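Take a look at the structure below.
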Amino acid sequence: MEAKRQFTEPFAHSPAHEALLRAGSRIRPLQQAHAHIVVSGSHRSRALLTKLLTLACKAGSIGYAHRLLYSVRNPDAFLFNSLVKASSSSGFAIDTVVFYLRMLQSRVSPSSYTFTSVIKACADLSSLRLGKCVHSHALVSGHGSDRFVEAALVNFYAKSGDLGVARKVFDEMSERTVVAWNSMISAYEQNGCAREAIEVFCRMRERGVRPDSTTFVSVLSACSQLGALGLGCWVHDYIVGNGLDLTVVLGTSLINMYARCGNVSKAREVFDSMSERNVVTWTAVISAYGMHGYGSQAMELFHRMKAHGSCPNNVTFVAVLSACAHSGLVHEGRGEYASMSQEYGLVPGVEHHVCMVDMLGRAGLLDEAYKFTKELDRGEQAPAVWTAMLGACKMHKNFDLGVEVAEHLLAAEPNNPSHYVMLSNIYALAGRMDRVEMVRNKMIRRRLKKQVGYSTIEVDQETHLFSMGDQSHIETDKIYQYLDELMRRCKEAGYVPTPDSVLHELEEEEREYALRYHSEKLAVTFGLLKTCHGTTIRIVKNLRICEDCHLAMKYISSVANREIVVRDRLRFHHFKDGHCSCLDYW
DNA sequence: ATAGGGTTAG
């Protein structure tokens, strides 16, 4: 403390100090200020050194910060805490841990502030081992039940993939701040557990904790995952009703929610009403149009985005290329792919390659798609790219190429059941039933199971789940009865069930059920029974919609005179008056 | 004269 006073006074408003303040977080001026400090003999001032160190971190010169730290004799708690905080919030997670270890070595006691930053760094690293170690340090040193440390821990365990422990820390908190609730909700949401996220949100409301915009961002993401339009709309009403600021982040979440819950025009409305937009916002609205098959609107917005001076990035190009792929805009897609690197200096990644192969493949340009894939570097020929190629082969019934690609994929990923399913479908299409059998036996030997398909539908804010041939619903009898009637009426209108290859993946006893009772058919029937005329039926499916269901939906939309919106794994289908928005191009 | 927290969007 003596030392502090001694060095504090003489250097106030010294030229060195002023140089430092002027420099801010720019590295060149910082180094000049450093020289100033050394020359003027003020390098013994703790305050100046500490400031210099934190600014070096913020300027991104972490190596410089390390060298500076080396030059300091007996760094104090103030200096270590500043370094730990600055490095952690500037994204230098490993360095934060290094600084923390040096702090321990120097026998300087960490505080609750130290732990929040170090735990945040562990979360960034997703290192369960490291974080657990820091967690125990925090417990031993008596900072384990600080509310900031606890919220950081919830986040850390969630990001490291241990939701159970995240929940345990959360449950054992004595005082849960809104940030703690937000951490837990986002923990579930980010790990794909949207139901649990919403459940925690409900507990939060029961406890009378007032949600803030961060809460809603996570809840809206959960709604997007589930296709829970009802809850999403409730959130939107709440935001408006309570006069919450429609920030860029919140607005972008709303756009995404409406788009992924099937309502593009509401997504557009939100976009139009936003006062501030950034590249993420633009990307969200482009992707909204793209996934609904409105390629030209997506492209129009993309051009508007560029005219507005917003610079597209890698994610934007995924949205743009995928919009082209889903609408058959091959010429535009080729052009944007080229401009991506030529005009924007961006490096196309696996996702962009997938879009290109998908786009060319869907359009029937199988040779070009194949050439595109083959011309990628070996290391860039990711299984996802070949999978897109395989899908194209199946779509255009190219047996020889399909078999070749499938064999290649099976060699690369022998434990991925979807490759086997695809290969067996291709054999089935070619009538090679012996091969179908062989592929299926291979799957059985490897104990691989086809992913189970299911569909959900929301009625009165409640979600109902159906799987194929499902009879677990309370109103099962009514549903099956009505479905049979619907199918009869569809057939009268000209519907002929597709002798689909999917049949061949199934066990004998499942076959009779399969086509007729696919989950989306059950869900749509339930929707027709439970909602009044004029209400759009919205279904969310976890896999791709099959050819027969696609055809049946068209007929159902016509005979029941209803709009039906189906979200499958990749995109939306809007069925109306016997037609689908995808123009059978999916 | 030096720091001061955890949660959020495509």
Side-chain angles (χ1 to χ4, degrees), chain A residues 4-5 7-14 16-18 20-21 42 45-55 57 75-86 88-89 111-120 123 143 146-156 158-159 169-170 173 176-187 189-190 211-222 224 246-257 259-260 267 270-271 274 277-288 290-291 305 312-320 322:
Chain A
K4 189 175 172 182
R5 194 165 303 137
F7 292 123
T8 300
E9 293 305 318
F11 304 112
H13 304 296
S14 64
H17 180 226
E18 269 159 23
L20 200 52
L21 291 183
S42 44
S45 159
R46 264 311 135 81
L48 287 188
L49 277 173
T50 305
K51 189 81 192 157
L52 178 59
L53 268 164
T54 58
L55 288 172
C57 287
D76 58 5
F78 220 109
L79 191 144
F80 271 122
N81 282 333
S82 307
L83 255 183
V84 163
K85 171 71 177 62
S88 167
S89 51
S111 67
S112 64
Y113 287 92
T114 324
F115 284 115
T116 33
S117 291
V118 178
I119 292 164
K120 158 108 170 53
H143 294 106
D146 175 90
R147 62 206 171 104
F148 291 97
V149 173
E150 284 173 322
L153 282 169
V154 170
N155 185 242
F156 156 71
K159 291 229 162 84
V169 173
F170 177 78
M173 288 179 75
R176 289 184 202 100
T177 60
V178 61
V179 181
W181 285 98
N182 291 349
S183 300
M184 198 62 234
I185 293 170
S186 121
E189 185 273 312
Q190 304 259 337
D212 61 13
S213 68
T214 306
T215 320
F216 290 128
V217 169
S218 295
V219 172
L220 287 169
S221 292
S224 305
L246 195 67
T247 58
V248 211
V249 179
L250 192 52
T252 307
S253 283
L254 273 173
I255 292 174
N256 188 41
M257 182 280 291
R260 296 192 54 197
V270 174
F271 175 81
M274 285 170 70
R277 299 170 189 142
N278 62 19
V279 55
V280 187
T281 318
W282 283 102
T283 305
V285 75
I286 290 169
S287 132
M291 67 177 125
M305 167 189 184
N313 62 21
N314 280 300
V315 188
T316 316
F317 275 100
V318 173
V320 168
S322 126

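Because the structure is a prediction, the values reported are computed rather than measured. Hydrogens, waters and symmetry mates play no part in the numbers below; they use all other heavy atoms, side chains included.
Here Phe78(A) counts as stacked on dT2(B): its ring centre is under 5.5 angstrom from the base ring centre and the planes meet at under 30°. The aromatic ring of Phe148(A) stacks onto the base of dG5(B), its centre lying under 5.5 Å from the centre of the six-membered base ring with the two planes under 30° apart.
The phosphate of dG6(B) has neither OP1 nor OP2 within less than 4.0 Å of any side-chain N or O from Asn155(A). Checking the phosphate oxygens (OP1, OP2) of dT8(B), a side-chain nitrogen or oxygen of Lys159(A) falls inside 4.0 Å. Here Ser186(A) reaches the OP1 or OP2 of dT8(B): one of its side-chain N or O atoms lies under 4.0 Å away. Checking the phosphate oxygens (OP1, OP2) of dA3(B), a side-chain nitrogen or oxygen of Lys51(A) falls inside 4.0 Å. For the pair Thr54(A) and dA3(B), the criterion of a side-chain N or O lying under 4.0 Å from OP1 or OP2 is met.
The distance from atom CZ of Phe271(A) to atom P of dG10(B) is 16 Å, rounded to the nearest whole Å. Rounded to whole Å, atom P of dG4(B) lies 14 Å from atom CG of Leu53(A). Look at NZ on Lys85(A): it is 16 Å from P on dT2(B), rounded to the nearest Å. The CG-C1' distance, from Leu20(A) to dA3(B), rounds to 15 Å in whole Å. One can place CH2 of Trp282(A) at 14 Å from C1' of dG10(B), the figure rounded to the nearest angstrom. Atoms CG (Leu48(A)) and P (dT2(B)) sit 10 Å apart, rounded to a whole Å. The distance from atom CZ of Phe115(A) to atom P of dG5(B) is 18 Å, rounded to the nearest whole Å. Between Ile185(A) atom CD1 and dT8(B) atom P there is a gap of 11 Å when expressed in whole angstrom units.
Of the candidate nucleotides dG10(B), dT2(B), dT8(B), dT8(B) has the atom nearest to the side chain of Gln190(A). The side chain of Val315(A) approaches dG10(B) more closely than any other nucleotide in the set dA9(B), dG10(B), dG6(B). Comparing dG10(B), dT8(B), dG6(B) against the side chain of Ala152(A) picks out dG6(B) as the nearest. Ranking dT2(B), dG5(B), dG10(B) by closeness to the Ala47(A) side chain, first place goes to dT2(B). Among the nucleotides dA9(B), dG6(B), dG10(B), the one closest to any side-chain atom of Asn313(A) is dG10(B). Counting only heavy atoms from C-beta on, Ala151(A) has its side chain closest to dG6(B) among dA9(B), dT7(B), dG6(B). With dT7(B), dA9(B), dG10(B) as the candidates, the nucleotide lying closest to the side chain of Asn278(A) is dA9(B). Out of dT2(B), dA9(B), dT7(B), the shortest distance to the side chain of Ser253(A) is found at dA9(B). The side chain of Val249(A) lies closest to dA9(B) when the candidates are dA9(B), dG4(B), dG10(B). The nucleotide whose nearest atom lies closest to any side-chain atom of Tyr113(A) is, among dA9(B), dA3(B), dG4(B), dG4(B).
For Ser82(A) and dG4(B), a side-chain-to-base donor-acceptor distance below 3.5 Å is absent, hydrogens and geometry of angles not being considered. Between the base of dG6(B) and the side chain of Asn182(A) there is no donor-acceptor pair shorter than 3.5 Å. In terms of polar N and O atoms assigned as donor or acceptor, the side chain of Ser183(A) never comes within less than 3.5 Å of the base of dT7(B) in a complementary pairing.
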Checklist entry - Can Leu83(A) and Cys57(A) be said to form a side chain to side chain contact (heavy atoms under 4.5 Å, CB included), step by step? => result CA-CA 8 Å; Leu83(A) 255 183; Cys57(A) 287; 3.8 Å; yes
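With sequence neighbours excluded, no residue forms a salt bridge (charged side-chain N to carboxylate O under 4.0 Å, His left out) with Lys85(A).
A cation-pi arrangement is absent between Arg46(A) and Phe78(A) under the rule of less than 6.0 angstrom and at most 45 degrees off the ring axis.
A heavy-atom distance below 4.5 Å is not found between the side chains of Asn182(A) and Ser218(A). Counting heavy atoms from C-beta on, the side chains of Ile185(A) and Thr215(A) come closer than 4.5 Å.
When heavy atoms are screened at a 4.0 angstrom cut-off, Asn256(A) is found touching the sugar-phosphate backbone but no base atom. Residue contacts shown for Ser89(A) are absent, as no nucleic acid heavy atom lies under 4.0 Å away. Glu189(A) comes within 4.0 angstrom of no nucleic acid atom, judged by non-hydrogen atoms across all strands. Note on Val279(A): a base of the nucleic acid sits closer than 4.0 angstrom, heavy atoms only. Residue Ser117(A) is classed as having no contact, given no heavy-atom separation below 4.0 Å to the nucleic acid.
A donor-acceptor pair is defined here as one N or O able to donate and one able to accept, closer than 3.5 Å; such a pair exists between the side chain of Arg176(A) and the backbone of Phe170(A).
Between Phe115(A) and His143(A), the two ring planes are tilted [angle within 30° to 60°].
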